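Encoded as structure tokens, the structure appears first; notes follow it.
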Protein chains: 2
Amino acid sequence: MGKGEQTRQAILDEAFSLASCIGVGGLSIGVLADRTHMSKSGLFAHFGSKEELQLAVLRESQQRFAEVVVRPALRLPRGLGRLRAVVANWLDWTKTCNLPGGCVINAAAAEFDDQPGPLRDEVRNALLALNRTLAATVAKAVATGELRADTDIEQFVFELNGIYQATQQRRRLFNDPEADRRALVAFDRLVRDNAAPLPKE
Amino acid sequence: MGKGEQTRQAILDEAFSLASCIGVGGLSIGVLADRTHMSKSGLFAHFGSKEELQLAVLRESQQRFAEVVVRPALRLPRGLGRLRAVVANWLDWTKTCNLPGGCVINAAAAEFDDQPGPLRDEVRNALLALNRTLAATVAKAVATGELRADTDIEQFVFELNGIYQATQQRRRLFNDPEADRRALVAFDRLVRDNAAPLPKE
DNA sequence: GACACAAACGAACGATCGTTCTATAAAGCG
DNA sequence: CGCTTTATAGAACGATCGTTCGTTTGTGTC
């Protein structure tokens with residue numbers, strides 16, 4: 001890896017955890033230059049525009065998410081167990097990664113949902129991809145016969161998303177120590193309501 | 001109402017709908033002055049600081065929420081019917097009010113959850129109050145015997161919050177026309193799982 | 001109409017914003 | 001080593017930020 005790639009990555013690392021606290025929209029070249037002990041122009045040259053820097057942060061976030069949340073779960077056999085793993089990794093990924101201020105993309109979703117442009121598109125695509133991944137994971141739990149064949153998969157994913165959002169808000173804003181337990185209760189209820197009847201033995 | 005109060009309210013009206021689009025943190029005195037056809041200093045004098053303006057917008061939002069979401073439902077008899085009304089009003093309140101860009105407080109929650117200060121405190125208190133209101137409404141549906149006596153009320157509210165967040169994201173980011181239907185399905189499942197058994201007749 | 005007070009303005013402040021340009025320093029390669 | 005390319009620094013740009021100040025305009029009251 002050349003020198004350029006190296007410092008670019010160092011900048012992204014810093015931008016990533018900074019954006020976690022103040023949001024992707026709150027990033028500023030000057031502050032980021034101070035934190036990385038660079039000049040504004042030197043840092044700027046790596047991205048060409050602020051928007052490109054913000055996009056790079058969003059892409060970085062997607063990549064880390066895939067590595068930390070999705071990939072480890074793929075080593076488990078498909079089905080409900082893998083789904084449980086994905087959800088558990090998902091709920092914990094702000095702790096796993098260096099995300100002192102919560103998921104970057106999730107915060108960006110609330111920030112840019114009314115502001116058309118490349119940033120909104122990137123966020124939208126990232127969350128669409130997440131929804132697809134979740135849907136595929138749920139679908140496999142249907143295929144293994146653990147969830148009912150008539151499970152409404154999109155509805156299932158919709159509710160998973162709700163559990164995630166509620167958990168984050170409780171944790172971050174209310175410092176609620178029960179947040180994780182509540183998430184588990186909600187998830188179990190969701191699974192139970194869609195569980196296939198036990199085969200008779 | 002004196003002249004001062006009058007223009008102050010006009011400023012808040014504009015700030016309110018503007019903050020809905022760009023967030024409370026994205027508000028700027030200059031832009032707001034242009035929109036209200038005032039000078040920056042003239043507008044500034046009404047609040048004394050930007051933070052005070054932001055706080056005023058958050059308080060304005062709370063007030064409108066109470067008027068549009070909570071108060072109409074209070075005219076219904078307590079119980080499940082009132083709960084349904086509150087949830088329906090809640091899910092629709094960004095349409096009811098002039099909120100082109102979603103709930104101001106909800107967006108602010110994601111924006112300030114890591115940034116200690118008066119703004120975070122205000123958001124936190126607003127959402128705590130909402131949670132208390134919801135909890136009280138659920139509790140009455142327990143008292144009327146429509147929900148089971150052992151209903152976990154905090155859990156119920158937690159999941160209501162999840163439904164709201166998921167619905168907003170689907171609507172705003174994905175333009176999903178099914179969002180409202182999915183919210184209803186999720187709510188019905190939540191009620192059904194906590195419904196008291198029908199009394200024998 | 002004169003007076004007191006509140007409200008709004010216009011100009012300016014220093015700070016920071018993203019961005020551009022030119023020049024220097026470092027890295028990579030023969 | 002020298003040479004070319006790349007990476008970084010530094011200074012400056014116009015724009016906008018929140019805020020302050022002194023002045024002017026407007027409102028309401030005797």
Side-chain angles (χ1 to χ4, degrees), chain A residues 1-16 18-19 21-60 104 107-108 111-112 115-120 122, chain B residues 1-16 18-19 21-60 104 107-108 111-112 115-120 122:
Chain A
M1 181 163 63
K3 183 80 198 311
E5 280 298 319
Q6 201 169 320
T7 53
R8 190 190 142 103
Q9 191 58 48
I11 295 169
L12 276 182
D13 286 349
E14 186 63 36
F16 181 64
L18 183 56
C21 291
I22 61 176
V24 176
L27 285 176
S28 96
I29 310 270
V31 171
L32 207 45
D34 280 352
R35 292 226 186 190
T36 53
H37 308 291
M38 291 183 65
S39 63
K40 284 204 311 177
S41 54
L43 188 147
F44 183 86
H46 283 273
F47 301 94
S49 76
K50 180 184 178 180
E51 193 173 59
E52 209 57 49
L53 164 66
Q54 293 173 309
L55 285 171
V57 170
L58 291 177
R59 297 198 191 99
E60 174 77 14
V104 173
E111 200 174 351
F112 298 118
Q115 306 180 58
L119 291 173
R120 193 193 117 115
E122 186 72 28
Chain B
M1 183 164 61
K3 183 81 196 315
E5 280 299 317
Q6 200 169 321
T7 54
R8 190 191 141 102
Q9 191 57 48
I11 296 169
L12 276 182
D13 286 349
E14 187 62 37
F16 182 63
L18 183 57
C21 289
I22 62 175
V24 176
L27 285 175
S28 96
I29 310 272
V31 171
L32 207 46
D34 280 352
R35 292 226 186 191
T36 51
H37 309 290
M38 292 182 65
S39 63
K40 284 205 309 179
S41 53
L43 189 148
F44 183 86
H46 282 274
F47 301 94
S49 76
K50 180 185 177 180
E51 192 173 60
E52 210 57 49
L53 164 67
Q54 293 172 309
L55 285 171
V57 169
L58 291 177
R59 297 197 191 100
E60 174 77 14
V104 173
E111 198 173 352
F112 298 117
Q115 306 180 59
L119 291 173
R120 193 193 117 114
E122 186 72 28

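From a predicted model like this one, the values you see are computed outputs, not experimental measurements.
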Quiz item: NZ of B:Lys50 versus P of C:dT16: gap in Å, rounded?
Solution: 15 Å
Practice problem: Heavy atoms under 4.0 Å is the rule here; annotate nucleotides 24-30 of chain C 5' to 3' with B where the base is hit, S where only the sugar-phosphate is, and - elsewhere. | Solution: ----S--
Quiz item: Among residues 24-36 of chain A, which residues get a heavy atom nearer than 4.0 Å to DNA chain D?
Solution: none
Exercise. Send over the distance from A:Phe47 CZ to C:dT20 P, rounded to a whole Å.
Key: 16 Å
Quiz prompt | Protein-nucleotide distance (A:Leu43, atom CG; C:dG18, atom C1'), rounded to Å | solution = 12 Å
Contacts under 3.5 angstrom, residues 37-49 of chain A side chains, donor-acceptor by atom type, not counting sequence neighbours:
unit_1  : atom_1 : unit_2  : atom_2 : d
A:Ser39 : OG     : A:Gly42 : N      : 3.1
A:His46 : NE2    : A:Thr7  : OG1    : 3.3
A:Ser49 : OG     : A:Glu52 : N      : 3.1

Distances under 3.5 Å only, N/O to N/O: pair up the protein atoms with those of nucleotides 10-13 of chain C.
unit_1 : atom_1 : unit_2  : atom_2 : d
C:dG10 : N7     : B:Ser41 : OG     : 3.0
C:dG10 : O6     : B:Ser41 : OG     : 2.5

Quiz item: So which pairs with a foot in residues 22-37 of chain B pass salt bridge (charged side-chain N to carboxylate O under 4.0 Å, His left out), sequence neighbours left out?
Solution: B:Glu14-B:Arg35
Practice problem: Would you please name every residue forming a side-chain contact (heavy atoms from CB on, under 4.5 Å) with B:Leu119, sequence neighbours left out? | Solution: B:Glu51, B:Gln54, B:Leu55, B:Leu58, B:Phe112
Exercise. Check the distance between D:dG10's P and A:Met38's CE and give it to me in whole angstrom.
Key: 11 Å
Exercise. Could you tell me the separation between the CD atom of A:Glu51 and the C1' atom of C:dC17, rounded to a whole number of Å?
Key: 16 Å
Self-check item: A:His46 NE2 to D:dT6 C1', straight-line distance once rounded to whole Å
Solution: 10 Å
Quiz prompt | Sequence-distant partners of B:Asp13, salt bridge (Lys or Arg N to Asp or Glu O under 4.0 Å), two or more places apart | solution = B:Arg64
Quiz item: Checking all strands, does A:Ala45 fall into the base, sugar-phosphate, or nothing category for heavy-atom contacts under 4.0 angstrom?
Solution: base
Quiz prompt | Sequence-distant partners of B:Ala107, side-chain contact (heavy atoms from CB on, under 4.5 Å), two or more places apart | solution = none
Exercise. Using whole Å, report how far CD of B:Glu5 lies from C1' of D:dG28.
Key: 16 Å
Practice problem: Not counting sequence neighbours, which residues clear side chain to side chain donor-acceptor pair (under 3.5 Å) with B:Arg59? List them please. | Solution: none
